[in-house]
Amino acid sequence: MLRIIIFISLLYSQHTFSQQTAQNLFSQYRSSLYQIQMIDKESGNKSSIGSGFRVSENGDIISNYHVISDFVYFPDKYRIQYLDADGNTGNLQLKNFDVINDLSLLQIDPAQTSGLPFKLADNLPLQGSNIYSLGNPHDLGMIVVPGTYNGLKKNSFYQRIHFTGSINPGMSGGPAVNGLGQIVGVNVATAGNQIGFLIPLPKVKALFYSQQQIDAKDYKSHIQKQLQQNQGKMVAQILSTPWSHAPLGKASVPEKISDFISCWGGSNASEKDVKFLSVSSRCRIGEAIFLNGRLQTGEIEIEFEWLTSEQLNTFQFHNFLTQKIAFTRPGNQAGKNDVTNYRCQQDIVSNQHQVSQKSILCARAYKDFDDLYDVLFISASNDFSDGSLISHFTLAGVSADSMKQFSNQFMDSMSWQ
């Protein structure tokens, strides 16, 4: 009984300490917390909101890229405005941004600031440490959310801190701090159920200390350079890693191509009244780079499906495969203002393992960025009359050279058992 009382007392003490720390943090740094607003120039009203925080006496403010992305794409239509804790508003200047890590560096007139700016921590916290997320959820005013630092997200190409706490819309771009009020990360996303993600401290430092000033005329070229470097690095890492294989029907296909690409399997074997058997393996990166409300890039999606049927004749099975191919769609979101129509090349090829396939390779170009393409590949093997291997991949935002290298390795990765 005594142990239970002591345990409850410890929990109460920790909760009380957490509340006191949150209150102290808010009162100490409230003047350096801002709501970041995208203002439509025509209407004069805000079209979207996020959060931001000041990190220097010179008026440097950190937020997310996605909070101010409309301004990057349409600087004549929008302006960036802040709202501080006392209700004051004013314009912000965009100094720099990092689309890969979803960060932006803004500038407020130093004469309009007061109080202490946030300080960047020297290091990330220890696993299990208490940290605090600050922001403006749902336009309800600034709040502090206590949570736990659970280290960096595993098996991820883009580094993110796993934060146990509620990050809600409007808190994007707000700071996550340790008990001393020092920045350890930036709010960026939530997976619900008290699972949040933060951009880690080293990425924040890299943008802040660069102090590079990007002119509005160079916004698109700045994005292009970052995308090309990132996607080139990602594809090179995938191609340099040995792909492990596993059986799928009569075929042997890749089951793991990278630590940051997750794969799942499935089949319809338990379903009744189906005219075909489907056994599949699907892999994807599960992360994307946000460019604007219509366009996301950076996805990689790979699928293999073994299809066989004892009920369909050869003609019916061929028609079924044709429909499967026709309804395959790209894995990323893109609008007509951002990409061209797909241009496709159809062929019948045999790879180094003598797997014969009818294949379609399609690519669409990014209108604002040279030598970046979305790639859609789909093929169906034709070595068996009663079964076929459907292979598919999507690459979003890669160069023509990366597209060629990946396609070749993908085609040669399949064999018959």
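Here, residue 1 is the first one in the sequence, and each next residue gets the next number.
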Going by the rule side-chain contact (heavy atoms from CB on, under 4.5 Å), which residues pair with [X] if we only count those two or more places apart in sequence or in a different chain?
X	result
Lys119	Pro117
Lys250	Trp306, Phe384, Asp386, Trp416
Asp370	Gln224

[X]: salt bridge (Lys or Arg N to Asp or Glu O under 4.0 Å) partners, not counting sequence neighbours:
X	value
Asp368	Lys220
Lys95	Asp60
Arg343	none
Asp86	Arg30

Item to complete: Hey, could you give me each pair passing side chain to side chain donor-acceptor pair (under 3.5 Å) that has a residue in residues 231-249? Not counting sequence neighbours.
Response: none
Discussion item. Would you call the rings of Tyr73 and Phe369 parallel, tilted or perpendicular, taking 30° and 60° as the class edges?
Written reply: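 Perpendicular.
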Item to complete: Measure up the Tyr78 and Phe74 rings against each other and bin them: parallel (under 30°), tilted (30 to 60°), perpendicular (over 60°).
Response: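 The arrangement is tilted - the two ring planes meet at 30° to 60°.
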Worksheet item: How far apart are the C-alpha atoms of Leu395 and Asp374, what are their side-chain angles, what is the distance that settles it, and do they pass the side chain to side chain contact (heavy atoms under 4.5 Å, CB included) test?
Response: CA-CA 6 Å; Leu395 304 177; Asp374 288 340; over 6 Å; no
Mind checking ring-ring contact (aromatic ring centres under 6.0 Å, His included) for [X] and listing every partner two or more places apart, or none if nothing turns up?
X	value
Phe163	none
Phe71	none
Tyr65	Phe97

Discussion item. Is there a ring pair (Phe, Tyr, Trp, His ring centres under 6.0 Å) between Tyr34 and Phe53? Walk through the geometry before answering.
Written reply: CA-CA 6 Å; Tyr34 302 93; Phe53 55 97; 9.5 Å; no
Worksheet item: With ring centroids as reference points, do Phe393 and Phe406 lie under 6.0 angstrom apart?
Response: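 Close enough - the centres of the two rings lie under 6.0 Å apart.
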Item to complete: Would you check if the distance from the ring center of Phe304 to the ring center of Phe410 is below 6.0 Å?
Response: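 Aromatic pair counts; centres sit under 6.0 Å.
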Worksheet item: Would the number of heavy atoms belonging to other residues, nucleotides or ligands and lying under 6.0 Å from CD of Gln345 be above 12?
Response: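 Atom CD in Gln345 is not packed in, count stays at 12 or less.
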Practice prompt. Would you indicate whether Lys205, at its atom NZ, is surrounded by more than 12 heavy atoms from other residues, nucleotides or ligands within a distance under 6.0 Å?
Written response: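 Atom NZ in Lys205 is packed in, count exceeds 12.
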Discussion item. List the residues meeting side chain to side chain donor-acceptor pair (under 3.5 Å) with Ser356, not counting sequence neighbours, and say none if there are none.
Written reply: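 By the side chain to side chain donor-acceptor pair (under 3.5 Å) rule, Ser356 matches Asn382.
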Answer yes if the side chains of [X] and [Y] hold a donor-acceptor pair under 3.5 Å, and no otherwise.
X	Y	value
Asn292	His66	no
Ser391	Glu303	no
Gln226	Asn230	no
Asn268	Ser278	no
Ser379	Gln357	yes
Thr340	Tyr366	no

Item to complete: Provide the closest heavy-atom pair for Leu295 versus Ala334 in the form atom of the first, atom of the second, distance.
Response: CD1-CB, 3.6 Å
Worksheet item: Considering all heavy atoms of both residues, which atom of Asn101 and which atom of Ile199 are nearest to each other, and what is their separation?
Response: O-CD1, 2.9 Å
Worksheet item: When you measure from the side chain of Thr394 to the backbone N and O of Leu376, does any donor-acceptor pair fall under 3.5 Å?
Response: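 No, Thr394 side chain to Leu376 backbone: no donor-acceptor pair under 3.5 Å.
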Item to complete: Given side chain to side chain donor-acceptor pair (under 3.5 Å), test Gln81 with Gln37 step by step and report yes or no.
Response: CA-CA 5 Å; Gln81 181 174 283; Gln37 304 174 339; 2.8 Å; yes
